[in-house]
> 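The structure's right below; bear with me while I get my questions together.
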Amino acid sequence: MSLTDKTILLIIGGGVAAYKALELSRRLMDKGARVRTVLTKGGAEFITPLSCASLTGEQCFTELFDLKDEAEMGHIRLSREADLVLVAPATADLMAKMAAGLANDLASTVLLATDKPVMVAPAMNAEMWAHPATQRNLKTLEADGIHRIEPGSGMLACGEFGPGRLAEVPDIVAAVEGFFSPHARPLAGKHIVVTAGPTYEAIDPVRYIANRSSGRQGFAIAGALAGLGARVSLIAGPVALDTPPGVERIDVESARDMAAAVDAALPADAAICVAAVADWRTDGCAEKKLKKSVDGLPNLTLTENPDILKGLAGRKDGRPTLVVGFAAETNDIVDHATAKRARKGCDWIVANDVSVGDDGAGVMGGDDNRVHIITDTGVESWEAMLKTQVAGRLAARIAEALA
Ligand code: CTP
């Protein structure tokens, strides 16, 4: 009963996912919480005040100017008697109001009046989520200290596919529990940028240069960091992987796209560059598909790509406190990686052995990874373990370093 003695004011916005708020209220109560609900006008189009009241055993509040509520409670008291104000689903509209400081209904007034921590679980159509206005509002809310439970990605109620799905109820409950148990979330309040996967460098509209990176190690690290409470921006090259829970994913294709996305995601407390960024791109992508019957053997000239890791490590302004690079090596691993650390100016290099061992461990794209962590104090060699285990250990080390 991790939420015993906690009162959660659940503000239910107007979205299809409002029905999940009913399940959420019960699961929070299972953990011992007292749950009070505020239902917006939009929310009441999807679920009723009666269902909220029946499930929570508490009056559900809907109207700002309901005199009875004002006399008995008042919106100020309502917001202050909670230990946490949780907005789920948080619609684009409600978050825009929060970002602008509007107070024109009970939910927005409570959110403006509260002196308690606020957590939002956004849910909306993928285009609305990606819209610059929503992204701008999210940044404002973050700067205002509002906690966010990242939406999931997948099939949305509107029939479209992409990010914007309300986080799963158990993930929201876990985020609330984690919020009240800071030891379980040593990275709460930290923002970490992770790059992962390969990059594709176009030769023409159908051909590209790529590499064998699966993205699995980077995705596992992003998930492990989010699990410790960090807000994680995962800049992902083309991979066939699900987004880890609680992680904000930005899909990119080329090294230059990745560099721009990393820049846009800053400021960050740490940057973990796991991506196998292509070192070179072709000098200009052909506008039309190259035809061997017409063009013959292509003459590909290569140009160097921006080095994202080196750029981050060398930033004069806004350098993340901890910059970590990865180095895939087949021989003289520690020597090469130590030289790479100095060359790139990063704080740590995680060298992974991509030579093929007897057991197959270390092959790029495999399940296992055998790593050496090179820092300013020396080298730490870890035994071969699953990529998810490497991710867990590394996330814990990062939490220590940022503490
Ligand atoms: N990296 C990057 N941007 C690039 C190239 C690499 O951010 N354009 C990062 C990778 O994410 C990784 C590290 O730098 O963290 C790998 O360094 P790199 O010099 O690319 O390694 P190798 O390709 O293994 O270098 P070398 O060919 O010299 O062994």
Side-chain angles (χ1 to χ4, degrees), residues 192-202 208-222 225 232-239 241 249-266 268 270-283 302-315 318-320 322-356 362-365 369-375 387 390-391 394-395 397-398 401:
I192 303 186
V193 174
V194 178
T195 69
T199 62
Y200 285 3
E201 308 299 327
Y208 54 80
I209 300 172
N211 60 64
R212 291 186 195 279
S213 168
S214 67
R216 285 164 60 194
Q217 184 65 81
F219 272 56
I221 290 169
L225 291 167
V232 179
S233 300
L234 172 61
I235 320 291
V239 292
L241 294 173
R249 170 176 179 175
I250 298 113
D251 285 311
V252 296
E253 208 169 279
S254 69
R256 284 185 296 173
D257 294 345
M258 187 173 272
V262 165
D263 247 20
L266 295 176
I272 320 299
C273 295
V274 198
V277 185
D279 289 317
W280 310 287
R281 65 176 182 276
T282 54
D283 193 5
L302 299 179
T303 304
E304 202 163 334
N305 268 327
D307 191 317
I308 302 167
L309 174 64
K310 199 170 175 181
L312 279 164
R315 281 179 80 96
R319 182 192 193 275
L322 181 69
V323 178
V324 180
F326 269 65
E329 310 287 352
T330 54
N331 57 296
D332 303 316
I333 296 162
V334 170
D335 287 348
H336 283 313
T338 305
K340 197 165 288 180
R341 178 175 171 271
R343 207 163 58 237
K344 304 256 184 179
C346 57
D347 302 299
W348 302 353
I349 282 275
V350 180
N352 54 335
D353 181 352
V354 288
S355 61
V356 184
V363 186
M364 216 169 180
N369 211 350
R370 188 180 292 155
V371 304
H372 308 265
I373 316 289
I374 291 129
T375 68
K387 286 180 175 173
V390 171
L394 193 64
R397 284 291 309 269
I398 291 166

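Positions are given from 1 along the sequence. Atoms within each ligand, like the ligands themselves, are counted from 1 in listed order.
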> The criterion is salt bridge (Lys or Arg N to Asp or Glu O under 4.0 Å); which residues satisfy it with Asp263, sequence neighbours excluded?
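Applying salt bridge (Lys or Arg N to Asp or Glu O under 4.0 Å) to Asp263 gives Arg315.
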> Would you say Arg319's side chain and Ala313's backbone share a donor-acceptor pair under 3.5 angstrom?
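Side chain of Arg319 to backbone of Ala313: a pair is present.
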> Run through ligand 1 for me and note each protein residue having a heavy atom under 4.0 Å from it, chain first, then residue number.
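Residues Cys273, Ala275, Val277, Asp279, Pro306, Asp307, Ile308, Leu309, Gly325, Phe326, Ala328, Lys340, Arg343, Lys344 each place a heavy atom under 4.0 Å from ligand 1, listed by chain and number.
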> Strictly by modelled atom types, are Gln217 and Asn369 linked by a side-chain donor-acceptor pair under 3.5 Å?
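Their side chains do contain a donor-acceptor pair, which is all the 3.5 Å distance test asks for.
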> Quick one: CG on Leu241 to CZ on Arg249, what's the gap to the nearest 0.5 Å?
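With rounding to 0.5 Å, CG (Leu241) is 7.0 Å from CZ (Arg249).
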> Do Val274 and Ile221 come close enough that some side-chain heavy atom pair is under 4.5 Å?
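Yes, their side chains come closer than 4.5 Å.
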> Evaluate the side chain to side chain contact (heavy atoms under 4.5 Å, CB included) criterion for residues Asp335 and Ile333: first the C-alpha distance (whole Å), next the side-chain angles of each, then the deciding distance (0.1 Å), finally the verdict.
CA-CA 6 Å; Asp335 287 348; Ile333 296 162; over 6 Å; no
